[in-house]
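Taking it in order: structure first as structure tokens, then the write-up.
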Amino acid sequence: MEKRLSHDSGIAIGMVLFGLALLAVVSVAMGVGGNNNLSSVISIDRSTADLKSQGLLIATKIRDCFSNGIDNKKLDCSNNTYIPGTGWSRPGCSPIDPAAFYPASSGSGTPVENLNCPSFGAGIQNLWTGQVPALLPPPSSGFDIWYYVNAGDGGGRCIRTQPLASTVDDSSMRAGLLEASASFSANEVSYVPTSTSQRFILWITKPAVIASPDCAP
């Protein structure tokens with residue numbers, strides 16, 4: 001004879017199904033939260049890695065440009081002598097300020113992609129596409145492009161970047177900046193975690209007098 005479930009059995013089954021449904025909702029919510037945490041970690045790691053690699057690449061290219069100018073000057077003037085009353089035996093080989101071999105900048109800073117190396121040949125002076133080409137990666141997601149400031153020996157020479165206005169308050173961005181700054185010494189980086197702009201400054205040459213405001217964090 002077929003047995004029918006009691007009314008109490010139906011209630012029990014309903015409670016079990018409700019419990020399973022509730023568990024599924026909680027699991028989905030936890031999964032979404034976990035994905036958000038994972039996304040934050042990925043964003044921080046990417047920002048940190050990009051700031052370090054791009055900053056080092058740009059600084060190295062600028063210093064290589066300077067070294068190229070110095071080396072060329074030494075080669076061109078190796079046999080140059082000073083003749084009293086006449087001057088230097090080879091025109092163009094008089095003492096020159098080594099600072100002239102750094103790329104120049106204008107305004108509050110020149111986009112790094114537009115930098116020219118003064119010791120490169122005419123028509124091939126661009127730091128990235130000229131005499132010694134190299135790939136300049138695009139800025140990290142959420143960040144402005146890199147700028148270069150040449151304020152001379154007194155004001156210093158630096159490169160800088162910062163988050164865009166839309167991302168400057170993002171906690172992942174700030175965490176990435178903080179981690180990246182920890183990868184450099186105090187003589188190499190200027191970064192203030194509480195600054196409004198969140199500027200990230202890397203020094204090419206530290207200022208001998210007072211740092212240019214365009215190199216201030």
From [X] atom [atom1] to [Y] atom [atom2], the distance as rounded to the nearest 0.5 Å:
X	Y	atom1	atom2	result
T48	D45	OG1	CG	6.0 Å
Q162	T196	CD	OG1	11.0 Å
R157	T205	CZ	OG1	4.0 Å
S183	L178	OG	CG	10.0 Å

Would you indicate whether the side-chain heavy atoms of [Y] and [X] approach each other to under 4.5 Å?
X	Y	answer
P118	Y102	no
M173	S47	yes
I201	Y191	no
Q131	C117	no
V132	D64	no
P133	W128	no
Y148	P103	yes

Aromatic plane relationship, F184 with F200 - under 30° parallel, 30 to 60° tilted, over 60° perpendicular: perpendicular
Under a plain distance cut-off of 3.5 Å, with no hydrogens placed, do [Y] and [X] share a side-chain donor-acceptor pair?
X	Y	result
Q54	W146	yes
N68	S119	yes
D50	S140	yes

Provide the closest heavy-atom pair for [X] versus [Y] in the form atom of the first, atom of the second, distance.
X	Y	result
Q198	P163	O-CD, 3.4 Å
S212	V149	OG-CG1, 4.1 Å
P98	I70	CB-CD1, 3.9 Å
Q125	G121	CG-O, 3.2 Å
D153	A99	OD1-CB, 4.3 Å

message: I'd like to know if F143 and I145 are part of one continuous hydrophobic network [Ile/Leu/Val/Met/Phe/Trp/Tyr, side-chain heavy atoms within less than 4.5 Å].
response: no
Shared hydrophobic cluster, I58 / I204 (ILVMFWY, side-chain heavy atoms < 4.5 Å): yes
task: Please test Y147 against D214 for side chain to side chain contact (heavy atoms under 4.5 Å, CB included), starting from the C-alpha separation and ending with a verdict.
output: CA-CA 10 Å; Y147 287 87; D214 297 316; over 6 Å; no
Using atom types as modelled and distance alone, determine if a side-chain donor or acceptor of [X] lies under 3.5 Å from a backbone N or O of [Y].
X	Y	answer
S105	N150	yes
R199	A216	yes
R174	V168	yes

- request: Apply side chain to side chain contact (heavy atoms under 4.5 Å, CB included) to the pair L127 and C65, showing each step before the final yes or no.
  value: CA-CA 8 Å; L127 201 63; C65 166; 3.9 Å; yes
message: Checking N126 against T129 for the side chain to side chain donor-acceptor pair (under 3.5 Å) test, could you report, in this order, the C-alpha distance in whole Å, the side-chain angles of both residues, the deciding distance, and whether it holds?
response: CA-CA 5 Å; N126 184 271; T129 61; 3.2 Å; yes
message: Quick check on side-chain contact (heavy atoms from CB on, under 4.5 Å): which of T161, L51, V192, I44 does L177 satisfy it with?
response: L51
- prompt: Hey, mind stepping through R160 and D144 against salt bridge (Lys or Arg N to Asp or Glu O under 4.0 Å) and telling me if it holds?
  reply: CA-CA 9 Å; R160 71 169 192 265; D144 196 3; over 6 Å; no
task: Check the pair K206 / N187 against side chain to side chain contact (heavy atoms under 4.5 Å, CB included), numbers first and verdict last.
output: CA-CA 7 Å; K206 292 292 292 291; N187 288 324; 3.8 Å; yes
message: Assess the residue pair L115 and T110 against the criterion (side chain to side chain contact (heavy atoms under 4.5 Å, CB included)); give the C-alpha distance rounded to whole Å, side-chain angles, the decisive distance to 0.1 Å, and a yes or no.
response: CA-CA 7 Å; L115 292 183; T110 298; 3.9 Å; yes
